Amino acid sequence: MPELPEVQTVITGLKKTVLKKTFAKATIYAPRVARFQIKSIEKGIKGKTILQITRRGKNILFELSGNHTLLAHLGMTGHMFYYSKKKAKDKHDAAIFRFKDGGELHFHDTRKFGKLILSNGKSDSLPTEKLGPEPLEITLPEFIKLFHSKKRMVKPALLDQTILAGLGNIYADEALFEAKIHPQRITDRLSNEKLKALHSAIRKILQRAIKTGGSSVANYVDVEGKPGHFQIYHKVYGKTGHACPRCGTKIKRIVVGQRSSHFCPRCQKL
DNA sequence: AGCTCTTCCTGAAAGC
DNA sequence: TGCTTTCAGGAAGAGC
């Protein structure tokens, strides 16, 4: 499940492979991934050159010539695969982009939760407008202010992209464990000290994950086919019943806001 | 404002 | 063994 570090890793791969290339043809195979804007994307992208590739939250932004932006969201199971030569369509390819030089970029998405949106320059037409700050850019005072301004359980707050953009279920659980905060604690009642711990835990965990190239939990593979290695560092996510690496207590799994939450009941008290 | 539930989708894993 | 059910989760929308 691609979260901020995985998306960042994909972007690194994309920069190595498709930056500066010009689209010759785009074919959408999964209409819902393109929000049924099949023709406008297929036509709109033709002849455009990829000038820059950036990230906003979990979104990949291709800045194109002609002031267009192509947004790609990997959803749950999205992958970007680059081939230097023509490659047959896979069963789960949601879209295939062919470049003038013969290379191909396949947007592979088994569950079709991904998203492709082409904007004709107006950035306010992209959903990235609604996103909260970047977790690696927000300062501690801003972070404290933000969480004290909300009155909700901290775990769902961390997953809410309009509050903070980029965290998913894995890194949210890992960050809460690191900061020793129970997932059901209410944001405005967390002390400055706790929020400081959370702020630095998020930074630490994301930066380490980016450094190691993303997580492998869901068979994550980067653009060139190399798996990430962060899974070896997961301390609580998917570790129900395992011993807490800090105190040995069994890791517990509960459901918070319709999402599974893994935590140590001794280290993370309510 | 914020909670819960539902929907989308497929494959893996658990249950019988 | 093999079929059936459940589960997983990012995001959006409905209803309370």
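Proteins get letters first, then strands, A, B, ... in listed order; numbering begins at 1 in each. Since the model is a prediction, treat every value here as computed from it, not as a measurement.
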Picking from Asp160(A), Asp188(A), Ile163(A), what satisfies side chain to side chain contact (heavy atoms under 4.5 Å, CB included) with Lys150(A)?
Ile163(A)

Under 3.5 Å, is there a donor-acceptor pair linking the side chains of Ser119(A) and Thr69(A)?
no

Lys/Arg N to Asp/Glu carboxylate O, Lys235(A) vs Glu178(A), below 4.0 Å:
yes

How many whole angstroms separate atom CG of Asp109(A) from atom P of dG11(B)?
12 Å

What parts of residues 142-154 of chain A reach DNA chain B, counting only heavy atoms under 4.0 Å away?
Lys150(A), Lys151(A), Arg152(A), Met153(A)

With no hydrogens and no angle check, just 3.5 Å: does a side-chain donor-acceptor pair link Asn59(A) and Lys115(A)?
no

With distance as the sole criterion, is a donor-acceptor pair present between the side chains of Lys87(A) and Tyr82(A) under 3.5 Å?
no

Does OP1 or OP2 of dG11(B) have a side-chain N or O of His92(A) closer than 4.0 Å?
yes

Summarise how protein sits on nucleotides 8-16 of chain C as a single string, 5' to 3': B when a protein heavy atom is under 4.0 Å from the base, S for sugar-phosphate-only contact, - for no contact.
BBBBS----

Residue pair Thr110(A)/Gly257(A) against DNA chain B: nearer the 5' end by closest nucleotide is Gly257(A)

Under 3.5 Å, is there a donor-acceptor pair linking the side chains of Thr139(A) and Glu142(A)?
yes

Are Glu134(A) and Arg55(A) within salt-bridge range, i.e. N to O under 4.0 Å?
yes

Determine whether the aromatic ring centres of residues Tyr237(A) and His262(A) are separated by less than 6.0 angstrom.
yes

CG of Leu74(A) versus C1' of dC9(B): gap in Å, rounded?
16 Å

Looking only at side-chain N and O atoms, does Ser261(A) offer a donor or acceptor that is under 3.5 Å from a partner on Lys155(A)?
yes

Can you tell me if the side-chain N/O atoms of Lys91(A) get under 4.0 Å from OP1 or OP2 in dG11(B)?
yes

With a 6.0 Å cut-off on ring centres, are Phe23(A) and Phe99(A) close enough?
yes

Parallel, tilted or perpendicular: which fits the ring planes of His79(A) and His108(A), with parallel below 30° and perpendicular above 60°?
tilted

So how far off straight is the helix from dG2(B)-dC16(C) to dC16(B)-dG2(C), going by the axes through five pairs at either end, to 10°?
50°

